[in-house]
Amino acid sequence: MPSNNYKAIRAKQTANTITVYQAYSPEIAEPALKAQTFVPPFSRERMTWIKPSFLWMAYRSGWATKARQERVLAIEITHEGFEWALRHSCLSHYTPSETSQEEWQKKLRASPVRVQWDPERDLFLRSLDYRSIQVGLSGEAVGRYIDEWIVSITDVTATMRLIDGYLKDGKVDEAKGCLPEETLFALPEHLQKSLTMG
């Protein structure tokens with residue numbers, strides 16, 4: 001990984017899997033937990049965003065309290081699947097580097113995956129001075145995600161709410177103790193370059 005970790009992928013992981021998070025309404029979450037993949041009313045036609053950062057998911061869902069984000073799911077997917085997504089991705093926003101804006105727009109239209117780098121969050125959901133990756137899947141990428149990459153789906157809503165409760169009670173150490181361990185996810189150099197991680 002680059003020594004400058006301003007942009008780095010931090011995630012709960014095993015030798016073969018990486019955990020990403022998504023938040024949904026119970027109507028989508030319950031069937032997904034039962035099937036251990038996403039099934040209707042989940043729509044394959046819409047872009048679906050996966051997030052390796054637990055705290056970014058906490059920020060996005062308000063500790064699993066926002067409407068239609070009341071259930072937070074931890075989805076274990078294969079390393080191969082995650083890397084396929086990154087190889088077939090395009091940055092959501094144009095950043096002047098080696099490509100022209102025209103080339104970027106062409107790639108954006110052709111790519112089934114979007115990547116954006118948003119400020120990581122601390123335990124109190126405050127913005128940090130380094131970035132966390134969000135990966136948006138559409139088209140072929142959604143099909144691969146649902147049919148090939150998912151290893152397991154776990155409901156972590158109770159953990160989200162437990163941490164929120166600890167923080168409201170001023171029990172910061174207890175809250176920290178509930179967080180999953182996230183470590184740097186190693187990527188080949190050419191992928192780091194295309195994701196502007198260097």
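Everything quoted here is computed from the prediction, not taken from an experiment. Atoms considered below: every heavy atom in the structure, side chains included; atoms not considered: hydrogens, waters and symmetry mates.
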Determine, stepwise, if the pair Thr17 / Phe82 fulfils side chain to side chain contact (heavy atoms under 4.5 Å, CB included).
CA-CA 9 Å; Thr17 66; Phe82 189 65; over 6 Å; no
Using side-chain heavy atoms (C-beta onward) and a distance below 4.5 Å, is [X] in contact with [Y]?
X	Y	value
Met197	Trp117	yes
Phe124	Leu55	no
Met47	Leu137	no
Gln101	Lys106	no
Ser132	Arg10	no

Identify the heavy atoms of [X] and [Y] that sit nearest to each other, and give their distance.
X	Y	result
Arg121	Ser127	NH1-N, 3.6 Å
Ser138	Ser111	OG-O, 4.5 Å
Met160	Trp63	O-CE3, 3.4 Å
Thr65	Gly62	OG1-O, 2.6 Å
His79	Ala15	CE1-O, 3.2 Å
Pro31	Pro40	CB-O, 4.2 Å

Side-chain heavy atoms nearer than 4.5 Å, only ILVMFWY residues, links allowed to pass through others: does that put [X] and [Y] together?
X	Y	result
Ile153	Val39	no
Tyr145	Val72	no
Leu162	Leu179	no
Phe54	Tyr166	no
Phe42	Ile77	yes

Using only heavy-atom distances, determine whether the side chains of [X] and [Y] contain a donor-acceptor pair under 3.5 Å.
X	Y	answer
Gln13	Thr19	no
Gln22	Thr48	yes
Ser43	Glu45	no
Lys7	Thr196	yes
Ser152	Gln36	no

To the nearest 0.5 angstrom, please state how far the [atom1] atom of [X] sits from the [atom2] atom of [Y].
X	Y	atom1	atom2	answer
Gln116	Leu195	CD	CG	13.0 Å
Ile133	Ser89	CD1	OG	7.0 Å
Gln192	Leu86	CD	CG	11.0 Å
Gln134	Arg60	CD	CZ	9.5 Å
Ile9	Glu182	CD1	CD	12.0 Å

Residues Trp49, Arg114; criterion side chain to side chain contact (heavy atoms under 4.5 Å, CB included); working and verdict:
CA-CA 9 Å; Trp49 288 86; Arg114 302 272 181 280; 3.7 Å; yes
Please check this pair: side chain of [X] against backbone of [Y], looking for a donor-acceptor N/O pair closer than 3.5 Å.
X	Y	value
Asp122	Leu125	yes
Arg131	Leu128	no
Asp169	Lys171	no

Considering the options Thr154, Thr159, Asp155, which one meets the side chain to side chain donor-acceptor pair (under 3.5 Å) requirement together with Thr157?
Asp155
Show your working on side chain to side chain contact (heavy atoms under 4.5 Å, CB included) between Glu181 and Lys12 and close with a plain yes or no.
CA-CA 6 Å; Glu181 184 188 356; Lys12 181 181 176 184; over 6 Å; no
Would you kindly check if the NZ (Lys) or CZ (Arg) of Arg71 is within the cone defined by 45 degrees around the ring axis of Tyr24 and under 6.0 Å from the six-membered ring centre?
no
Looking at Ile75, Val156, Ile50, which hits side-chain contact (heavy atoms from CB on, under 4.5 Å) with Tyr21?
Val156
Positive for side-chain contact (heavy atoms from CB on, under 4.5 Å) with Glu76, one of Ile150, Val20, Asn16, Thr14:
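Answer after filtering Ile150, Val20, Asn16, Thr14: Thr14.
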Determine whether Arg144 and Glu140 satisfy the following criterion, salt bridge (charged side-chain N to carboxylate O under 4.0 Å, His left out), listing intermediate values before the conclusion.
CA-CA 6 Å; Arg144 286 175 177 267; Glu140 179 188 358; 2.8 Å; yes
Partner set under side chain to side chain contact (heavy atoms under 4.5 Å, CB included) for Glu83, not counting sequence neighbours
Arg87, Phe185, Leu187, Pro188
Decide yes or no on salt bridge (charged side-chain N to carboxylate O under 4.0 Å, His left out) for Asp118 and Lys51, but give the supporting numbers first.
CA-CA 11 Å; Asp118 294 315; Lys51 306 155 185 69; over 6 Å; no
Should the pair Tyr59 and Trp56 be assigned to parallel (<30°), tilted (30 to 60°) or perpendicular (>60°) ring geometry?
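Rings of Tyr59 and Trp56: perpendicular, over 60°.
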Would you sort out whether Thr37 and Trp149 count as a side chain to side chain contact (heavy atoms under 4.5 Å, CB included), showing the intermediate values?
CA-CA 9 Å; Thr37 190; Trp149 303 346; over 6 Å; no
Would you find more than 12 non-hydrogen atoms of other residues, nucleotides or ligands less than 6.0 Å from Gln105 atom CD?
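Counting neighbours around CD of Gln105, more than 12 heavy atoms of other residues, nucleotides or ligands fall under 6.0 Å, so yes.
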Apart from Val151 itself, residues in the same hydrophobic cluster as defined by side-chain heavy atoms under 4.5 Å:
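Val151 clusters with nothing; isolated.
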Considering residues at least two apart in sequence or located in another chain, which fulfil the side chain to side chain donor-acceptor pair (under 3.5 Å) criterion with Arg68?
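None.
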Should Glu70 and Ser25 be marked as a side chain to side chain donor-acceptor pair (under 3.5 Å) after you check the CA-CA gap, both sets of side-chain angles, and the distance that decides it?
CA-CA 6 Å; Glu70 306 95 335; Ser25 64; 5.4 Å; no
